[in-house]
Structures are given as structure tokens and as C-alpha cells.
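Worksheet for the structure shown next.
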Amino acid sequence: VINCLLRLVDGGSRCAGRVEILHQHSWGTVCGDSWDLKDSQVVCRQMGCGEAFNAWLYAQVEEGSRPIWLTQLACTGEEAYLWNCPSLGWGKNNCEPYDDAGVICSGFVHLVGGHGPCSGRVEVNSGGEWIPVSDGNFTLSTAQVICADLGCGKAASVLGNLPFREDSEQIWAEEFQCKGQEPGLWFCPRVPCPEGSCPHRGAVQVVCSGYTEVRLMKNGSSQCEGQVEMKTSGGWRTLCASHWNMANANVICRQLGCGVAISTPKGAYFVEGGDEIWRDRFHCSGSESFLWNCAVTALGVPACAHGNTASVVCSGNQAQLLPQCNDSWSNTAGSAASEGHTANCSDSRQLRLVDGGSRCAGRVEILQQGSWGSICDDSWDLSDAHVVCRQLGCGVALEATISAHFGEGSGPIWLDELNCIGEEAHVWQCPSQGWRQHNCSHKEDAGVICSGLWCTLCTGGVCHSPMEAVTLSVICRQLGCGDSGTLNFLVPLRKGSRPSWVDGIRCRETDSSLWQCPSDPWKHQSCSAKEEAHITCTGTPQVRLMDGGSRCAGRVEIFQKNSWGTMCDQGWDLNDAHVVCRQMGCGVALDAMGYAQFGEGSGPIWLEELKCTGEEDQVWKCPTGRQHYCLHVRDAGVICSGFVRLDGGGGPCSGRVEVNSGGGWTPVPYRNFTLLTAQVICAELGCGKATSFLLDLPLKEASEQVWAEEFQCKGWEPELWFCPRVPCPAGSCQHRGAVQVVCSEYTEVRLMKNGSSQCEGQVEMKTSGGWRTLCASHWNMANANVVCRQLGCGVAISTPKGEYFVEGGDEIWRDRFHCSGSESFLWNCPVTALGVPACAHGNTVSVVCSGNQTQLLPQCNDSWSDPAGSTASEEPSHSLCKYSRQLRLVDGGSHCAGRVEILQQGSWGSICDDSWDLSDAHVVCRQLGCGVALEATVSAHFGEGSGPIWLDELNCTGEEAHVWQCPSQGWGQHNCRHKEDAGVICSEFLALRLVSKDQECAGWLEVFYNNTWGSVCHSPMEALTLSVICRQLGCGDSGILNSSVPLREGSRPRWVDGIQCRKMDTSLWQCPSDPWEQRSCSAKEEAYIICSGNRPKSCPSTVPCIDKEKLLLRGGDSECSGRVEVWHEGAWGTVCDDSWSLAEAEVVCQQLGCGSALEAPGEAAFGPGNGSIWLDEVQCRGREPSLWACAAAPWGQSDCKHEEDAGVRCSGTSSASAPVPGIFSLPGILCMILGALLFLVLIILGTQLLSWRAQHQVSGSSTYFLFSEPAGQHADATSNSYDDVEELPVSEIPSSSGMKEKNFFPEEGGGARCSQTGMWIAISPVVLHYCHGKDGFGHVKEPFSFITRI
């Protein structure tokens, strides 16, 4: 046994450096001669340092200072110890020209999937493979060791229950039990998991941070006021007061549970003798939970002046006494806010710059009264912009931009005509016209570019000293150019002159961007031209999707070797696309597209013929096939599902919030979910704005996993993916359920009179296109009441049409609202737009609300609003009472069809159908804006209601305005039950269907309008419209138009054209279109749609099918002759004439009720069919109940052509007999003989019947003879029964033609013993015995079924 030790030195960590061996009590080196990765792999494994990244050579230490123990190693890579590898032997070397051997290992542990090397999932390396650590018994002490091992400070949080990348993913089979003082995870005690399987809920994630604690120190103790101190890896450090503001202070006070910030006195609590003041600058918005969640900058920050430390005074327990902000004492046009109680109010407002690519450039927005709004650019100049930049800690203003340079905002325009002197502390302290006083639109939004935007404006060089590996890694990662980089000193000097802004950059492991890295202060010339940094990023390639309209769709492009290039579509499939989507954080792949569907790219084509399994985490890790000569015309693309969706809400714009990182859709927990996050989601999905979000929704199942992070969006992020996230404490998000978001194009409503919003005026609604007026057509008091309630303006008094109309606005919005009156918001009411014509000029909706008089309104009572009385008076109090009642139609699938219900005295109740007719129904339809009544339904046609039955015996004239004004027995006076509930179908009732003979979810699109089904025209009908239609029909989420089908036969209305659905529309009825017309297009423009849920009908007509419906004859001269076709697998097909005979034809004729077979022609006698030839070699006996009971070759297996299609010609007379035996079978021959004998017997018996002629008239060979069965005789009947035969009185014999219309169907089951009385029924040429059984009818047993053919 060789007693040696191994170590790595001078590499900056335990897992990198020169290889040294302790042998014979002396440390020595390994010669670099023949040193390679296989040798390095053995060292890394032996050290517990993962796999070898590089086989390194170090310059030899001073000659003779240390022995060279091993030379010319030839490891296989599998050895357990380095000294087990073949070599020249201990101490034998000829190593003078060679350097010492060294190695860089991956390390034993890393954090992956975070925003840098200091956050992510914990994985350990075993033999070159990274394996996740389970969250079972994982402790904060273990996390602290990992963060220290990686040089990442201390653990800020530990998150468990993370989903594994795949269900079968291997988990590290040991639990680490670190105490916290170990130098690395490798040295922590470990306990093997029981039976090799660690208990877990998922993987574990660790977030490390350089900042871990904060405190306020006064007189040596931590309180709610004092000097701000932050715990870092170097101990407690004070913060500089430069750029410190009240937003930062509020975060600290909240974090410490000390209320809100009162003031920030600079240096007031300074204590001499501390360490150098920490220069990192925090840029909080004020809403963060922890100070280290705020944006941080350190680059170019100078040393802090002595004693200039940040201090904060918090309110402590006095928080509840702070005054509320109001404009009366914080007016922007007034002087600076006082330092007393107004300081808190002033700082409750917030300022930000958006859509400029940095927090120091963009459109200026202010948070006031809970809404972010912009500033108008009237009089906007550098003095105003200087105040903004200074307030945000972004230096000075370089440019004051106008005309919505950074895009148009939304929300209010808060300020206009600012006239700052440039010295104000807050921009709202500058003189202006006052809050929201302006004459601007958002295309005049003001913006600013501050000097704090270092990297894209005032561009200059950066000096390379010292710029170590971690700094290069931060830079490359920030630029999306991999995880590492190198300095290139061989490039020639740059031409031209430019600033060299900064030197001495020293990034830390915890820094995620260059802006957080400490450096020397900003200078115009920080170094000479030859010291400017030229960096080559050499790390992992990057991937992006281009020209697809979103971050998650487009042409696949990869960045490597300093160039963006594409991928060839050779072999490109969904497995490859899945890897790209997961890598992008875009969920799963919906479509893998080739042939440059998103346009041709440029540059190199990096990858082709990928063979991904779909489980890889990076696309360049997929195997590839042979190389082809590929051009950009073959560029690959992908459409991903996206990171977020709203599910289960009836469309893409409402539902449960779920996210997908490539492993399935997971609900987001509702804890700390805010409206700002909902707004980001709605904007990302193209669904307008969030109107509401609902918390604590039940999960689909109790064990359902929820997303293990909280999203903390600020509201301006382009997508949820980019929002800040906070791992849930202890790896488990506190929740009781999921969260649901409802987005809407409608977000605000107002009543405008004389240019201001009041409680009366023209109704205007905010949409994505701005404020729009509504059309007065179909507007009613129920809608008006919802608007008044929503605005806090009482109830509606009247709805004068066009009274407040103002010329010059946009086109009047055509969407019609159908409120019941109980909705909280106008956009909660049903909406229709399909077929709605343009609104007449000036015909806008206006509403007059009661305003503050609401409390004086009388209570409704029956004494003066009895429905049996005359029309209600026009007194204001009476009219208000009248409109407090509401009317609706329910359970009819539309707001214009259903059971009639009235809201009276707070309860919904129905109307009894006694005397219910079209006159009553007309009043209901007109009152609801649903046209005229088509049908007045009775007997609970739309189901039974609940609650009271309010009215009975209505006797409307049809002209009443409200149904309760019709004469009746009075409220609640009735003698009815709910099975007599009245209903109505109005002319505006709409229904939708797809018409096809053989397909479900495909066919001609038809709409039911004005009591008639008619077709729909296909122009323009884009993908979004098809999606709405298919989703409404329950036929999937998408569809296509089929323009290759032949024209439809017959004539029908073509009701509507020009349908253009919007993303937030959940049904076709909400989609704008051209007006309803009887002939909206030509027959060739009728829409035939195939939805993604298309499938063959299980039956050609009805469900469930009977065999008769799966068989038909085509091409013949009657319905009982033609080519035989059968229904199978959703399609009609033919039968081959091989082995086809009269026996098979007999079965077909009997099955179709077409009598007996007369002929069995083959060779496509009735013309060749098309489609499949379903049956071949059919062999029947002739008595089978259906063709399916006959022997035949397997379905669809045939060697025939359609020129061999089989046919039949039947007699066309439906027989009431049991199935006829085959003509050429033995039973058939016996039946013919017995039939002849029976005929002779009948002739003999005929003479005996003459005595009965007075009672029974004989009408020839087709006459029905009825014989009374002698008493006491009976018969068993157990098969071939006839249930439909009717017992006829002897004196009433129907005509022959009458009986021919009867159908007699044989049953397969048993029967009953006949009763003591019965009848013989003779139907020439068939004689049957008919008797009474226990159930009233007997069943004929086969021996009693005498069948005679003559």
C-alpha cells in the first residue's frame, strides 16, 4: 500500500492548480511530459473535484527546490489513484525541458440554472456526470458551506421541492450533514440514504449573496433608527449617503419591521474607527421586501467622503399615525414640500424610466394615486430632465427627449408644462399646471437619457487592468456570449479618439452584471489606448429565436465563435424543437418549422441533422448526423408554447396562471401575487389589461405541485420571464390554492360631460385603442345601472340618446352589452358584436345617474308597483323602483333564449306558463334587446328553476315596456310548480354548428339566426377567428379553412361575412363582422372548417348506431337497389364481388328492410365507388341479422378494384317475417317443401272456413286471417319475436295497404309463456301464431314461424 497524499496548489481553489504529491514525507510535483486529460481526470476524481476541464502546465518552481515524483504518466482515466497509472517510476525523470503538470477541475459541487454561478439547483459531480441533490434533510448549514466553497458569500435562501428535469432523473444517494465550518461540501459528513433512495419532494436550490443582513445602529445597539450597516463576507459595513433616498430607507424600515421611513439624516449616527464605507449604491423602487432585492451599482462609484454615511429614522410603532397623501397639501405647482408630515407623502410617489433598456434612460413615469402615468413634453427641457436624473441617482441629463421617443405610454398623463430650475429634489416639486391638467396625448410623452447609462450612450473604452477571470465571466454572461472569456492583447490599437471611462474593475462571484462590480471612479481618460480591453468570449454558445413576433417563436439562431448563425432543417423535428424551447424558458414546442418559414437568416449554419431525444438541456448537446450542403432557404424555426398561459377560462385571455419551463404546466402560487404581475401577464399574452385576479383557487388535485418561486413584477417588464423572482422560503410557497387572472380589452369606463368625468354624460370605454364611445342601439337601463354602480354614482335615472355627443371622436364602438343589472363591472356583462351594423352618427349612449341622491331613493314595495296595475307612472321615484327589478333568460345557451326569470325583492324567480303565449314572450324579448319572440315555451322546456314563482296568468298586449307591467294575478300569486316554468326563444338567439355527414368537428360552418340555419362566409377568417370557433364548439384550440371541398347543394341563407375575432373574444358572438344579410356572399365563399379536434363520426348519422344505419345502397334506380356501401372507421366504402351471391344479397336486403333479394350483380353494375374497399370474400348463409355477422376477409384487406364493387336489387317489399334462410341451403329447401305441404292443407281447410264468411270477409291472397285460439291452448315463445304486431278486434280488419306500413323487428332475446287466449294471424304467404304473454304480448318461437314461399 502506497501511503501518499495529493493536492492542487496555486490555482485559486481546492480544485485547480499545480499537482503535488506527498511521498516519503516530502511534497513534490508531476512532470508535464505526456500530461493529458486522462491523467487530469484521475486527479480530479481522486480529489473529489468532479471532472477535468483542462490539463494545465505550470512553470517549474525553482530548480532543485522540490522533487519531481512522477514522469511520463500514461493513465487510462479509470484509475483510483494517480500513482496507480503507468509511469517511469517514483523519482525517475528526465523532465528538465518540461513544465509542472496542473489541472483545472469542474469542482465537486455547482449551482446551475440561476442567474450566475452563485444561485441555482445544487448538483454534485460523480465521474463526469452532474447529479442533483435531494431536498430531504437539506439544511441551511449545508447551503452555507456550498456558498463559501464557491466563493459566493453566504446563503440567502434555500428552496426545496423543485421539479426534476425528468421523472427518472438520478438523485445523489447520500445526505450531506454539514456543520457549517467545513471548507467544502466534499468534507462534510455524509449518510447513505436508506436502501439507496433518499426521501425527497424534489431537487434543492440555493441562492448565495454577498449581502445577508442589515441593521440600524445607534449608540452601539440595533434599533429602528441609526446608521445603516450591512453584513457582507467582509463583516459589517456602513453605506454611503451619496444617492441614498427615501425609497431605499422605506425598504429597510419594512424589512426590519420598523414601519416606514421618517427621514434620512446624513452622517447623524456616524462612529469613527470603522472600515472603509461600502460604495455599492442601491436603487430601490420602494416596494422591495429586502434591500438586496433592489438594483445595485458599483461601477465607477468613487470613494465615499469621510463620515458621509447613510442613516435612517423609521416610524417604529407610530406608522399608523402617518397622514394620508392628498393633493391639497402636496400640489406640484406649490413650493417644496415641508420637512414635516409632508415628507412621507412626497416620498409615497415613485419615479421611473421605462422602455429605454436601462433604469437610467426611458420614458418618464410617475406613480400617483396608485397609477403609473407619464409627463407631457410641452416645455420639457434639460433642466426638467436634470431633476429626474438626480432623483433616480443616474447622474446628470444628457438629453431630454420628446414626441414619445421611447414609445407611447398608457394610463394618465400626470404633469404638463413643467418649469424646473434644475435644483428640485423631486420632479413633482417643479412648477406645473397641476396634477392631470394637460391638453396632450401619449404621443407627446417626455423621456430622458441620463449620464448613468454607461454602456450604450457616450460610448467609450474600458481598461483591462486587472480584469480577472471572474470579471470576464460576468461581462460575457451579461452580453449573452457564454460563461467565460479571455483578454486578447494581440489586436492592433483602435483608430480614432474616445473616452476610456473606467479601470480597475474587480467583479465578485456574487455580481450578476458589470454595473455591480467595484472599480476606480469614472474618468474621461482612465488609461492609455493600448490598455483598452478587447475581449473574446469563449464560453457556452447562446440561442435565440428571431422574426417570429415574440421571444418564443421564430428562426433558431446560435451564437458561437463571435457570430450569430442558423440551424439547417435537415432532420429537424419536435424533439429538437423541445430542447430549444426548454433552453429558452419558453415551455414546450408546438411546431417545428422548416424551409425558412420565418425568413432566411445570415451568417454560418452552425448545426444540421440534429438527433435530439428531447431531454437535453442545450441544443448543442444533441447528437448530429452527417453534414449536408445546406442553404439558408432551409433554416429551421420553432413555435413554443411560451412561459406563461391562462388555462381553463374559456379562452387564452382568462384562467388559472400556469408557467412552463419545459417540464409541464405548473400553477403559480397566489402568495404575494399582485396586480402588477397580472398586468405583465395580460400584456405578454396580447390580452389587454388585467381587470381582476382571483386568489385561493382550488388546485386540480390535493397533491398538485405549485411553482416554487414568487414573481415580483414591477409592471413594465415585457414578459413574466423577465420579472424578478424570489424563491419561496424553505422551498415551499405558502399557499392554499392557485391564482386566476382575467384580462380584458375593456379596462375603464367613464361618463363625460363638458370635457370632464362626472355622474352623467356620454358613456366612454377604455380599450387598447383608447377611449371609445358606445352605440345607443340596444342600450338599456340594466346596462346603465351597472355603469352607475361601477362609478359609485348611485343608480340610473335615464339614458338620453346622443345628448352629450361631441364631434370629432373615433368611430363609435359597436359592441353591444347585455347586462342583467347585477354585474359589478360593465365588461362582466355578455357582449355581442357579430352582425352588428355601424352606428348612426351621433347615436351615442348617455347615462344620467342619481349621484349622491342614492340614499334618498324609496324602497320598492308592491303597493305602488303591482304588475297587475296600469303602466307605472313617470315619477322619478317610481321609475327608479321599476328599474331595480331585473330580467334574464337562463339555461338556453344564450342571453336571448331560456327560462324567464325576474329579480324581485332580492331573489330570482320564474314565471308560470298558465296563459303564456307569444304576446307575453314578445315583451320579454323586446325588454332584453333580443328582437321579437319566435317561440313561447312551456312545461319547463329549459329545465326547472328554483326559488319563488313570481308571476302567473300573464296577459300582455305585447306593447308593454317591462314584463311586470302586464296584467297578472300579482306578485307570488300562483297555483303552479316549477315544471310549469315559462321560457322564450327570441329572434336574436344564436347557435353554431359544423355540418358534415361523416366528421365530428369538421364541416360547413352554420349559424342559427332569425330562426333559420344559414352558412357563414369565409372572408377574411384568420387563424384567431378559426381558433375562437373551434374552441366554442369544443373542437380544439385551432382550425383551418378547407377550400378544396365541392360546392354545397341546395339553397340556404349566407348570414354573415367579414368576421374578425380578437384575442380576448371567447365566442363567435363577440367578434366584429359585417352586418347580417340574407346573401352576404356567393355559394363558393361558404366556410368549411376543419378543427384540430376533428375525428370521424362514430356513426354516419346518430349515436349510438344500429347496423342498418351503417349500410346503404348507392347508384341504383330506387332506394332498394344499388352498389353496397358500408360505414367503417368514419368513412363509407364498398364491398368486393368475390364470393358475392344471392345469400349475401338476401342479408343486405333484409337488413335494409327492402324485402327479398332478386339479384346480386357484381362488376360495378351500379357504377364504381370510391374510397376504401372495406369487405372482400363475404360469405353469408342468408339468415344472418346483418352483413357484419357474415364471414369475410379482415376489414380493409382486399385485392379488388372498384370495378368489382358488389351490388343488390331487392324486391322492395318489407317482410314481417323472421330472417329468410338461404335459398340454396338445406334449411331453405326443407322450408320450401313444408311450405308446399302447408299450402295444400290450407286449401283443404278452406272449405271449413266458408261457414265463417258471414263474419269474416276474405279479400284474396293478401288477406289477413284471424283465428281465435281454442281455450286452454298455449305456446312457448322464446325467439324471433314480434313486439310491434297489434292485436286487432275481429270486427276491425285493416286494409292490406294499412298493414304494409307496419314494421316487424325480430328480437334476439327470450320470451314469455303465452296466455290461455290467443290468435292466429295469417299474412299470406306467412302464417304466424300470436298470443298474449305475461307482459301483454307473446313472442313467437321458431317452430311456430311458418314461412311459405309460393
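Keep in mind it's a predicted model, so treat the numbers as computed, not measured.
- Counting only heavy atoms from C-beta outward, the side chains of D445 and D377 never approach each other to under 4.5 Å.
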Requested in this report: I would like to know whether V364 and S374 meet side-chain contact (heavy atoms from CB on, under 4.5 Å); could you show each step before the answer?
Outcome: CA-CA 6 Å; V364 183; S374 57; over 6 Å; no
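- Counted by atom type alone, E417 and S379 present one or more donor-acceptor pairs between their side chains at under 3.5 Å.
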Requested in this report: Please step through side-chain contact (heavy atoms from CB on, under 4.5 Å) for the pair T674 and C713, ending with a clear verdict.
Outcome: CA-CA 8 Å; T674 66; C713 301; 5.7 Å; no
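- For the atom pair OG of S744 and NZ of K766, the computed distance is 12.0 Å after rounding to the nearest 0.5 Å.
- Proximity of a side-chain donor or acceptor of Q740 to a complementary backbone N or O of S654 within less than 3.5 Å is not detected.
- For the residue pair Q762 and T844, a side-chain donor N or O sits within less than 3.5 Å of a side-chain acceptor on the partner.
- Side-chain atoms of N785 do not come within 3.5 Å of backbone N or O of V795 as any donor-acceptor pair.
- Summarising the geometry of V741 relative to A678, their closest heavy-atom pair is CG2-CB, 3.9 Å, with the distance given to 0.1 Å.
- A distance below 2.5 Å between sulfur gamma atoms is not met by C360 and C389.
- Within the 3.5 Å criterion, the main-chain N or O of F817 finds a donor-acceptor partner in the side chain of N783.
- Annotation: side chain of R436 is in contact with side chain of W414 (closest heavy-atom distance under 4.5 Å).
- Looking only at distances, no side-chain donor or acceptor of H283 sits under 3.5 Å from a matching main-chain atom of V296.
- S410 and H442 are not linked by any side-chain donor-acceptor pair at a separation below 3.5 angstrom, with hydrogens and angles left out of the test.
- No side-chain donor-acceptor contact under 3.5 Å links D384 to the backbone of V387.
- Closest non-hydrogen pair, P800 versus S846, comes out as O-CB, 3.0 Å.
- To the nearest 0.5 Å, atoms SG (C430) and CG (L415) are separated by 9.0 Å.
- Summarising the geometry, atom CD1 belonging to I812 is positioned 4.5 Å from atom OG1 belonging to T773; distances are rounded to the nearest 0.5 Å.
- For the pair R816 and W779, the cation-pi test (distance below 6.0 Å, angle within 45°) is failed.
- Between atom CD of residue Q429 and atom CD1 of residue I421 there is a gap of 10.5 Å, rounded to the nearest 0.5 Å.
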Query raised in the report: Where do F673 and F711 land on the ring-ring contact (aromatic ring centres under 6.0 Å, His included) test, with the steps shown first?
Result: CA-CA 7 Å; F673 191 93; F711 294 94; 8.3 Å; no
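- Residues N308 and S242 approach most closely at ND2-N, 3.9 Å, considering heavy atoms.
- C819 has its SG atom within less than 2.5 Å of the SG atom of C829.
- When all heavy atoms are compared, the tightest approach of M781 to A796 is CE-O, 3.4 Å.
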Query - Criterion side-chain contact (heavy atoms from CB on, under 4.5 Å) on E764 and E748, from CA distance to verdict - result: CA-CA 8 Å; E764 295 184 3; E748 293 180 57; over 6 Å; no
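- A distance-only check finds a donor-acceptor pair linking the side chain of H438 to the backbone of C440 [under 3.5 Å].
- Atoms CG and CD1, from L675 and I681 in turn, are 10.5 Å apart once rounded to the nearest 0.5 Å.
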Requested in this report: Evaluate the side-chain contact (heavy atoms from CB on, under 4.5 Å) criterion for residues V847 and C788: first the C-alpha distance (whole Å), next the side-chain angles of each, then the deciding distance (0.1 Å), finally the verdict.
Outcome: CA-CA 8 Å; V847 170; C788 293; 3.5 Å; yes
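- Remark: the backbone N or O of L751 is not paired with any side-chain donor or acceptor of E760 at under 3.5 angstrom.
- Side chains of L774 and L826 form a contact here, defined as non-hydrogen atoms less than 4.5 Å apart.
- Contact check for L353 versus V388: side-chain heavy atoms found under the 4.5 Å cut-off.
- Side-chain contact between V251 and R254 is present, with heavy atoms from C-beta onward closer than 4.5 Å.
- For the pair Q437 (side chain) and G434 (backbone), a donor-acceptor distance under 3.5 Å is absent.
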Requested in this report: Step by step, work out the salt bridge (charged side-chain N to carboxylate O under 4.0 Å, His left out) result for R1062 and D815.
Outcome: CA-CA 12 Å; R1062 302 154 295 195; D815 288 21; 3.2 Å; yes
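- Proximity of V644 to W721: side-chain heavy atoms (C-beta onward) are nowhere separated by under 4.5 Å.
- The side-chain heavy atoms of V427 and I366, taken from C-beta on, include a pair separated by under 4.5 Å.
- A donor-acceptor pair under 3.5 Å is formed between the side chain of R789 and the backbone N or O of E823.
- Remark: SG of C314 is not found under 2.5 Å from SG of C258.
- Shown here for F406 and V448, the closest heavy-atom pair between the two residues is CE1-O, 3.9 Å.
- For the atom pair CZ (R750) and CH2 (W771), the distance works out to 4.5 Å, reported to the nearest 0.5 Å.
- The closest side-chain heavy-atom distance from F825 to V786 is not below 4.5 Å.
- R772 places no side-chain N or O within 3.5 Å of a backbone atom of W813 that could act as its donor or acceptor partner.
- Cysteines C743 and C687 keep their SG atoms at least 2.5 Å away from one another.
- For the pair L351 and L392, the tightest heavy-atom approach, listed with the atom from each and the gap, is O-CD2, 3.5 Å.
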